[in-house]
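Atom set for the values below is all heavy atoms of this structure, side chains included, hydrogens, waters and symmetry mates excluded. Letters A, B, ... are given to chains in the order of the sequence lines, protein chains preceding strands, and every chain is numbered from 1.
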Amino acid sequence: MKRTEIAEILRQPQVGTTVKVSGWVRSFRSNRFIALYDGSSFNTLQVVVDFEKFEEEFLKKIQFHACISVTGQLVESQGAGQSVELTAEGIELLGECSPDDYHLQPKNMTMEYLREKAHFRMRTQTFSAVFRIRHAVAYAVHKYFNDRGYYYMHTPIVTGSDAEGAGEMFRVTTLDLENLPRTESGEIDFKEDFFGKSTNLTVSGQLQGEIAAMALGKIYTFGPTFRAEQSYTTRHLAEFWMIEPEVAFFDIFDNMELAEDFVKFLIRHILDNYPDDPGLPRQAHQGRGKNMKQEDRRPMGLVDMLRFVVDNNFERITYTEAVDILRNSNTYKKGKFKFDVQWGKDLQSEHERYLVEKHFQKPVVVRDYPKSIKAFYMRENDGTEPGKETVAAMDILFPYIGEVIGGSQREERHSKLLERIHAQGIHEEELWWYLELRKFGGCPHAGFGLGFERMVLFITGMSNIRDVIAFPRAAGQAEF
RNA sequence: GCCCCCUUAGCUCAGUUGGUUAGAGCGCCGGACUGUUAAUCCGUAGGUCUUUGGUUCGAGUCCAAAAGGGGGCGCCA
């Protein structure tokens, strides 16, 4: 007999029919009621067992997270809590799960404990919900761009450029580390390496994305990204997924509009299509308050906060305005910021959090940052005071998770770009192709990067980014 | 890279100013019950207090180092 997924049974219960379901045991109550889930739904199907029909020894093996197949008749439930249930006629034990040495238990376990048991944590209600939502957000990303005529580009994972402008890179090599080939002058001879040159894992698909935008007009990338930073925070990973749209003829304002609309679409997609799933992460989200300092607690429930973000316009300010707001704040005047606020210095997390959580109490888009603190490819703004040059960069700051998007209008003027490449000590030969884009049929364009896991973190209300990716890679951590 | 915190039963935790035999809840195991919703009730077992070294008459408790974990900062998405 062919098995039916639990989601299908719950969606359109055919009372009176005989069905076969397969799944894992979430609980076995009263030696009579099995709560069975198979991943197709957030909900379980109640299987009713007449214990006199089965061997006692057999029923004892139906334990927490054991895997079984059940054949039986769907009937209307006599109990409260579910409308239909399955009367078990035959049960097949597919996989035992002895609680003696099994890692999980039907009780609250800490996120830290489950992180160490990543091969089982998706079986919990919280993590299965998180990964269903993760899927849904990924789907929404593609839907959003596809519906608007964007093309999905696959940019390379291995890059020969070490000037992508976004942090430390992981080296990719097939050289024998015990016996490195050397040039006459004693340096490592990368001509002997697999690609005939030094290569790394990508830190951004943006530069190649720009190539595509200069031909296809509107593109986006969505792929793995690698940064070898020693970041020990709840919002950094060494391997994460990033979405990077790049659009020809866009300026910084078009870019901000796209970013806001896009992010709201993602959240709305989850609110509209997954009304059940946010439930458990929401509990996690509110429960986390227990060990938190008062000032760090979230005042709103998760769904309320998601609605709030979707229903309000993001606040838009310039970097210069942000500095003014911060310097005029009571927090600043009382000397309560750890770091000084000064035009020309980058905003610190505490400053961003003040703007978002205290001052505006909604997502904030900050633009026009000082040229000196931003990447070489960002377009220099016209008409700024000498010494106060800015670039058309923008960051979108969210409550609790900070920067979720970073983007800019790109410098499309060849001479300006070359100037900045030189000023930052980058070898222009590295970027010859990037420079040529400005020489031959270039145009104004803009784009941004959205940290996928940060978005999922925000939407699920989880508190550590390592809990929204199945197998987190971070400094000192690559198990599973 | 810098700073802080944690490590006691399978899990989550308590353990007073250093003082006899280290406790609880849940889980496991055994039993009872059988229309339950993390079922309930009764009972049993379960600990080299992360490791190493030190202080002390005496260390789960104090000190130092190591290992593992968590958090903050920086870097950013």
Any side-chain N or O of Arg26(A) less than 4.0 Å from the OP1 or OP2 oxygen of rU37(B)?
no

Can a salt bridge be assigned to the pair Glu57(A) and Lys61(A) using a cut-off of 4.0 Å between side-chain N and carboxylate O?
no

In whole Å, what separates the P atom of rC62(B) from that of rG15(B)?
12 Å

Do Arg379(A) and Asp251(A) sit within salt-bridge range, that is, some charged N less than 4.0 Å from a carboxylate O?
no

Do Phe33(A) and the base of rG35(B) stack face to face, with centres under 5.5 Å apart and an angle between planes under 30°?
no

Run the side-chain donor-acceptor check on residues 314-322 of chain A: report pairs under 3.5 Å with partners two or more places apart or on a different chain.
residue   : atom : partner   : partner atom : Å
Thr318(A) : OG1  : Glu321(A) : N            : 3.0
Tyr319(A) : OH   : Gln342(A) : O            : 3.4
Tyr319(A) : OH   : Gly344(A) : N            : 2.9
Tyr319(A) : OH   : Lys345(A) : N            : 3.3
Tyr319(A) : OH   : Lys345(A) : O            : 2.5
Thr320(A) : OG1  : Trp343(A) : NE1          : 3.0
Glu321(A) : OE1  : Thr318(A) : N            : 2.9

So, under a plain 3.5 Å distance rule, would you say the side chain of Gln78(A) forms a donor-acceptor pair with the base of rG35(B)?
yes

Measure the distance from CD on Glu112(A) to P on rU12(B) and round it to the nearest whole Å.
9 Å

Answer yes when Arg410(A) and Glu246(A) have at least one side-chain N-carboxylate O distance shorter than 4.0 Å, and no when they do not.
yes

For Asp38(A) and Glu5(A), indicate whether the former's side chain and the latter's backbone hold a donor-acceptor pair under 3.5 Å.
no

Side-chain donor/acceptor contact of Ser349(A) with base of rC73(B) under 3.5 Å:
no

For Phe51(A) and rU34(B), do the ring centres fall under 5.5 Å apart while the planes stay under 30° apart?
yes

Please check the phosphate of rG74(B) (OP1 and OP2 only) for any side-chain N or O of Gln348(A) closer than 4.0 Å.
yes

Footprint string (nucleotides 24-31 of chain B, 5' to 3'): B base within contact, S backbone only, - free, heavy atoms under 4.0 Å:
-BBSSS-S

Under 4.0 Å: is that the gap between some side-chain N or O of Ser231(A) and OP1 or OP2 of rC76(B)?
no

May I have the distance from Arg227(A) (atom CZ) to rA77(B) (atom P), rounded to whole angstrom?
5 Å

Determine the Euclidean distance between corresponding P atoms of rG43(B) and rG60(B); express it in Å to zero decimal places.
31 Å

Looking only at side-chain N and O atoms, does Arg29(A) come under 4.0 Å of OP1 or OP2 in rU36(B)?
no

Atom P, compared across rC26(B) and rG69(B): separation rounded to whole Å
31 Å

Using the C1' atom on both, measure rG70(B) against rU34(B) and round to a whole Å.
44 Å

With respect to the phosphate group of rA39(B), does any side-chain polar atom (N or O) of Asn31(A) fall under 4.0 Å of OP1 or OP2?
no

So that I can tick it off, tell me whether Asp261(A) and Arg268(A) are bridged by a salt bridge, with the cut-off set at under 4.0 angstrom between side-chain N and carboxylate O.
no

Do the side chain of His103(A) and the base of rC11(B) come within less than 3.5 angstrom through a donor-acceptor pair of N or O atoms?
no

Under-4.0 Å salt bridge between Arg134(A) and Glu453(A)
yes

